[in-house]
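When a ligand or atom number is given, it counts from 1 through the structure's own listing order. From a predicted model like this one, the values you see are computed outputs, not experimental measurements.
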Amino acid sequence: MALADDGVLASLHATDPRHAPPAVLDVLTDPANRALLRYVAEDPFGAHVFPGDVPDYAPSDFLTDLDRQLAGTAPIHLWSYIPTCAYRCRFCQYPVVLVRGDGEAAAGKAARWVDWNVREAELWLREVPRLASAPIGEFNVFGGTPSLLPPDAIRRLIRFYRENFRFGPDTAIRFEGDPSTLTAEKLELLAELGCRKLSCGVQSFDDRVLELSGRRHTARMCLDFIRNAQRVGFDRISVDLMYGLLDQSVDSVRRDLDLVVENKVTAVVCTKLHLRSYADTRTGVSGDQPAPWQLPAYRARLAGAGYHWPSLGEQYQMREVLIDGLTAAGYREQPTMYFALDSVGPEVWKSIMVDQDRQDAEVAIGLGGSSSCRDSEAITEVDWRAYTAAVEAGRVPLGSATRFSPAAQESRAIKMALTTLQPLRDDLHRQRFPGRSLFDEPWRRRFRSLAERGLAVADESTGRIQLTPAGRVLVEAVINTEF
Ligand SMILES: C[S@@+](CC[C@H](N)C(=O)[O-])C[C@H]1O[C@@H](n2cnc3c(N)ncnc32)[C@H](O)[C@@H]1O
Ligand code: SF4
């Protein structure tokens with residue numbers, strides 16, 4: 001066993017004695033699962049982007065592939081990414097652009113990102129002719145923190161997309177923000193513009209944890225956001241929670257859980273603190289500079305000053321507290337990390353993207369957007385200077401693209417389907433890949449190995465493959481190390 005593995009195992013076994021040890025402890029201790037343990041020791045976002053196996057694909061070829069797939073497509077998922085933030089969180093490696101202050105200069109700077117986004121969208125519409133007529137299943141304004149845009153800019157952005165893309169009566173509009181900018185007035189405006197779904201980055205309801213993370217809001221503001229949004233009457237109010245944050249304890253996460261349940265939030269996204277660069281694996285989109293917490297010397301200095309980084313064991317205890325508590329309160333995890341009240345159902349945009357019978361195209365417009373179709377995928381520039389130069393020059397500002405070989409198309413479809421946490425169906429796989437089965441090699445061998453290690457159950461007689469509870473918890477590690 002390598003020395004580094006000793007340290008990771010020690011971190012896994014360092015649990016909080018006031019709470020039960022996590023159920024995945026035995027699975028992760030098993031030497032047969034060493035690759036999974038190494039993956040979770042320091043993991044990137046693992047289920048946001050599903051990169052191809054043929055690198056250096058021409059972005060213009062991606063646009064052609066996308067256009068071909070859009071002929072007669074089912075509803076697709078459309079994103080508009082606004083990278084502005086009022087502060088930079090110490091854990092965040094997304095491509096963000098800081099806009100400080102409330103004055104006119106700050107409002108003008110934020111509004112310029114709407115100008116660029118609209119101009120970029122016009123370039124996509126020119127280069128991908130079928131995009132204008134593709135039905136939009138969900139339109140998602142995300143970031144960054146789009147809720148800090150001035151009201152006129154928000155109005156302009158949503159109006160532009162509504163008028164230039166094929167929105168129908170069933171198109172859902174989702175808007176993202178943080179508790180300091182999703183104010184009562186902004187919420188009223190969003191409702192007036194037809195937005196029915198909100199996602200708000202709360203991270204924690206513990207003021208000390210928020211402050212150490214560099215967040216510029218309090219737990220009180222998080223609760224005010226939830227109550228204001230409920231008063232205005234949005235269909236879905238989703239909050240992001242993180243676990244594994246500096247000085248966060250299992251008890252603190254339990255209080256977070258109690259608050260979301262008590263306040264009847266319709267959906268919760270629970271994410272482990274990810275510190276490995278998403279750019280290393282291309283499974284997420286990172287900006288051009290690391291988050292402070294990604295720097296080992298910075299982390300060590302905080303530990304030296306007496307702050308506590310939750311151990312791996314504590315992180316899985318936190319996750320278990322969340323899973324058990326949310327399940328008991330009527331929430332269901334689908335896909336991984338996304339818990340929704342049964343009455344509101346799973347996230348539409350995620351199901352368009354990953355459900356085994358859908359996996360339709362998605363188009364993300366804006367700095368660091370990630371777009372994909374069945375043949376290839378592409379990421380938009382993450383460096384804002386290169387991004388704005390491309391848009392000003394009239395080019396769709398894609399930074400890189402990859403293509404999927406036929407084998408990679410199949411493995412990508414399986415990986416996406418696994419992240420839904422729903423049983424994989426061989427009949428759907430055969431329809432999509434004629435002549436291929438989930439019980440053919442190399443999948444047979446892989447699923448058998450997962451079954452032997454207690455991570456999945458494969459039943460050839462019913463043609464179904466289902467993750468076990470441990471497999472569900474470790475699904476990102478499974479797809480990124482074994483498929
Ligand atoms: C781009 S932010 C959007 C919301 C808004 N900007 C905010 O932070 O309140 C989306 C979510 O990603 C999550 N996130 C960001 N960096 C992360 C990291 N390093 N590890 C895990 N989750 C992270 C946070 O939960 C955050 O709410
Ligand atoms: S977590 Fe949200 S608010 Fe914080 S820097 Fe990232 S995008 Fe901005």
Side chains of Tyr39 and Asn33: any donor to acceptor distance under 3.5 Å?
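There is no such pair (donor and acceptor under 3.5 Å, judged by atom type) between the side chains of Asn33 and Tyr39.
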
Could you tell me if His308 and Gln248 have a donor-acceptor pair between their side chains, going purely by distance under 3.5 Å?
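There is no such pair (donor and acceptor under 3.5 Å, judged by atom type) between the side chains of Gln248 and His308.
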
Output yes if Cys89 passes the N/O/S-under-2.8 Å test against atom 4 (Fe) of ligand 2; output no otherwise.
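Within the cut-off used here (under 2.8 Å), Cys89 does place an N, O or S atom near atom 4 (Fe) of ligand 2.
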
Metal proximity, Cys85 vs atom 6 (Fe) of ligand 2, N/O/S cut-off 2.8 Å
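False for Cys85.
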
Can the ring centres of [X] and [Y] be said to be less than 6.0 Å apart?
X      : Y      : result
Phe165 : Phe139 : no
Tyr387 : Trp113 : yes
Trp116 : Trp384 : no

For a quick check: using heavy atoms under 4.0 Å, what are the residues in contact with ligand 1, sorted by chain and number?
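Lining ligand 1: Phe45, Phe91, Cys92, Tyr94, Gly143, Gly144, Thr145, Glu176, Gly177, Asp178, Gly201, Gln203, Arg215, Asp240, Met242, Thr271, Lys272, Leu273, His274, Tyr278.
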
With heavy-atom distances below 4.0 Å as the criterion, list the atoms of ligand 2 near Phe91.
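Checking each atom against Phe91, I get 1 (S).
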
Sorted by first residue and then second, give each side-chain hydrogen bond (donor to acceptor under 3.5 Å, both in side chains) pair with at least one member in residues 467-478; sequence neighbours left out.
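Qualifying pairs, neighbours excluded: none.
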
Shortest heavy-atom approach to atom 2 (Fe) of ligand 2 - which of Gln203, His217, Arg215
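Among Gln203, His217, Arg215, the closest heavy atom to atom 2 (Fe) of ligand 2 belongs to Arg215.
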
To the nearest 0.5 Å, what is the distance between CE on Met221 and OG on Ser180?
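Separation between the atoms: 5.0 Å.
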
